[in-house]
Amino acid sequence: MTEPVRTRFAPSPTGDLHVGNVRSALYNWAYARHNGGAFVLRIEDTDAARSTEESTRGVVEQMSWLGLDWDEGPGIGGPYAPYVQTGRLELYRDVVALLRDAGYAYDSYSTDDEVKARRAVRGDKTQGYDNYDRELTDAQVGAFRAEGRTPVVRFRMPDEPIVFEDMVRGEVRFEPGNVPDYVLARADGSPLYPLTNPVDDAVMGITHVLRGEDLLPSTPRQIPLHAALRSLGVASGPMPRFGHLPMVLGEGRRRISKRNTPEASLLQVRAEGFLAEGILNYLALLGWSPGGDQELFTLDEMVAAFRVEKINRNPATFDVKKLTAINGVKIRSLEPGEFVKRLLPFLVRRGLLTSPVSDAQLELVAAAAPLVQERSATLVEAADLLGFLLVPDHHFAIDPAAGAKVLTPATAPVLDASLAVLTDVASWTAEDVQEVLQSALVDGLGLKPRVAYGPVRVALTGRTVSPPLFESIELLGRDRTLDRLRAARAGLGAAPGMG
RNA sequence: GGCCCCGUCGUCUAGAGGCCCAGGACGCCGCCCUCUCAAGGCGGUAGCGCCGGUUCGAAUCCGGUCGGGGCUACCA
């Protein structure tokens with residue numbers, strides 16, 4: 001009962017992680033942390049065709065970025081190293097030999113077509129392997145070999161029901177005959193997932209496995225395999241407990257794909273400026289809840305509250321809108337300095353800052369950051385809002401739609417009046433700027449505030465939406481402010497765009 | 001087709017027989033605040049798939065039905 005908990009996240013390094021993977025990682029990580037256990041990261045790269053060393057590094061990088069730290073695995077090693085399956089090939093080969101010698105597994109020569117043909121003859125519509133090669137005679141084997149066939153190795157499924165207590169679903173039962181003998185190793189001897197995954201779980205002493213529901217049907221294959229491994233002395237610990245997480249669905253309740261749910265890619269949401277805190281908090285909610293009405297929490301709070309019994313059984317749809325809302329909360333709760341730190345790469349990426357950021361630039365960003373932090377749901381949004389302030393002057397341009405809508409010839413008096421008072425304003429502070437503009441435009445010209453400030457905003461920021469105007473003017477500085485007002489004034493009547 | 005899983009607002013969920021003619025959040029719609037946009041405040045919209053049964057009483061238990069999803073590879 002008090003065995004130390006050991007969980008793992010075992011992705012295959014194909015492409016990048018998607019939200020379903022990340023949630024599995026998060027739950028396993030949280031379960032281990034909640035119980036003071038160990039979290040293992042293992043790379044399942046036995047499919048050489050789809051795995052690259054680069055994507056393995058990618059998995060490691062993304063896990064680090066998320067802040068889901070592992071106690072054993074790539075980069076830090078551990079008592080069961082290596083934690084990359086291509087480094088464990090001899091183990092799998094030995095295990096296959098052991099299984100075969102003990103009669104738990106056997107050579108199988110049937111081709112797909114032969115299986116289908118047999119089923120057709122029987123009028124059997126069932127799909128999948130038919131266990132034909134279980135009791136081949138020496139003569140048959142000899143004949144196959146004479147043909148040059150090389151066999152795959154299949155596990156012999158026991159002839160009894162397989163029943164297990166799923167941590168999230170309760171008792172799940174598979175009757176004998178519904179799970180065909182499956183392939184452990186290819187004809188060329190290379191091991192397959194149905195072998196490597198349970199073997200490593202057994203050898204590494206994994207106690208709890210939380211994984212997607214898509215793997216539920218593979219569980220009845222793992223259980224007898226684990227028992228066989230134990231009888232052979234390969235595994236010593238108890239059978240892992242399994243918990244199958246509800247699927248994470250994409251747009252329209254369909255399986256997630258790059259096409260229907262591009263935001264399901266971790267790389268993608270990162271590029272869009274979502275924070276690890278936001279992604280993790282949102283994903284935690286997809287299939288789990290602490291109970292009650294709480295939805296926002298830190299990682300530590302989640303760990304403290306995480307209990308498997310609270311995991312849901314029904315599939316969940318990934319919703320970017322809610323992710324965005326939660327991310328906004330996380331952005332606002334960042335320390336100002338931290339916010340700037342996370343924002344910087346996004347500003348550099350869009351050419352608003354030069355790569356080694358100068359002190360002056362840093363100071364400007366730091367001064368402007370609070371203005372955008374409270375009105376951005378993503379870092380990309382924040383970077384957008386800061387564009388007018390950081391863009392090199394010769395690249396500043398007014399959005400054509402905004403110009404056409406707001407900078408009409410009728411607004412010439414507004415720009416003229418603004419130029420006049422801003423040229424003379426004594427101290428260049430948001431307060432004084434507001435005071436002179438208000439008296440000139442609102443009091444002087446008798447305009448409603450929104451009508452008065454609209455043209456000024458577009459002239460200075462190029463857009464109808466911007467950080468607060470007076471603070472923006474202060475940060476822009478007198479010279480740039482006056483230049484942009486003059487340019488906008490000069491452009492009235494003609495095409496409003498510039499340089 | 002076979003096997004397995006699932007079914008509360010559009011979405012994520014709370015709910016473990018009376019506290020629920022169902023609560024929260026996101027979204028959406030109004031209003032307030034307001035130099036734009038956000039944030040914030042207030043209000044609104046919308047749901048227990050269906051049919052039986054058990055029970056004094058069911059979103060909660062049972063059966064069926066319909067619907068959705070997963071697996072059915074010498075991928076993982």
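Naming convention: chains lettered A, B, ... in sequence-line order (proteins, then strands); numbering from 1 in each chain.
Regarding contacts with the backbone of B/C12, a side-chain N or O of A/Thr317 is found under 4.0 angstrom from either OP1 or OP2.
Backbone-only contact: A/Arg313 has heavy atoms under 4.0 Å from sugar-phosphate atoms and none from a base. At a threshold of 4.0 angstrom between heavy atoms, the contacts of A/Gln85 with the nucleic acid are absent. As judged by a 4.0 angstrom heavy-atom cut-off over every strand, A/Ser466 is placed among the base-contacting residues. The residue A/Ile326 sits apart from the nucleic acid: no heavy atom pair falls under 4.0 Å. Across all strands, A/Val183 comes closer than 4.0 Å only to sugar-phosphate atoms, never to a base (heavy-atom distances). Contacts of A/Tyr182 with the nucleic acid, taken as non-hydrogen atoms under 4.0 Å apart, are absent. Residue contacts for A/Pro449: at a heavy-atom cut-off of 4.0 Å it reaches the sugar-phosphate backbone alone, with no base atom in range. The residue A/Lys310 sits close only to the backbone: its heavy atoms come under 4.0 Å of sugar-phosphate atoms, none of a base. Base contact: A/Ala187 has a heavy atom under 4.0 Å from a base atom. Counting non-hydrogen atoms under 4.0 angstrom, A/Arg221 reaches a base of the nucleic acid. A/Arg255 comes within 4.0 angstrom of sugar-phosphate atoms only, judged by non-hydrogen atoms across all strands, and of no base. Using a 4.0 Å heavy-atom criterion, one finds that A/Asn312 contacts the sugar-phosphate atoms exclusively. A/Gly212 comes within 4.0 angstrom of no nucleic acid atom, judged by non-hydrogen atoms across all strands. Among the protein residues, A/Leu286 comes within range of the sugar-phosphate backbone only, with heavy atoms under 4.0 Å from sugar or phosphate atoms but none that close to a base.
Residue A/Lys321 contributes atom NZ, which lies 18 Å from atom P of B/C9 at whole-angstrom precision.
The side chain of A/Leu216 lies closest to B/C4, out of B/C26, B/C4, B/C74. Closest to the A/Glu295 side chain, of the nucleotides B/A25, B/G1, B/C75, is B/A25. Which of B/C74, B/G70, B/G27 sits closest to the side chain of A/Ala325 comes down to B/G27. Closest approach to the A/Val465 side chain among B/C12, B/C37, B/A76 is made by B/C37 (side chain taken as heavy atoms from C-beta onward).
A donor-acceptor pair under 3.5 Å is absent between the side-chain atoms of A/Asp432 and the main chain of A/Trp428, judged by distance alone.
A salt bridge is defined here as a Lys NZ or Arg NE, NH1 or NH2 lying under 4.0 Å from an Asp or Glu carboxylate O, and A/Arg119 with A/Asp130 fails to meet this definition.
Below the 3.5 angstrom threshold, one finds a donor paired with an acceptor across the side chain of A/Arg457 and the base of B/C35. Within 3.5 Å, no donor on the side chain of A/Gln127 pairs with an acceptor on the base of B/G2, nor the reverse.
Using cut-offs of 30° and 60° for the angle between ring planes, the A/Phe306 and A/Trp288 rings count as tilted.
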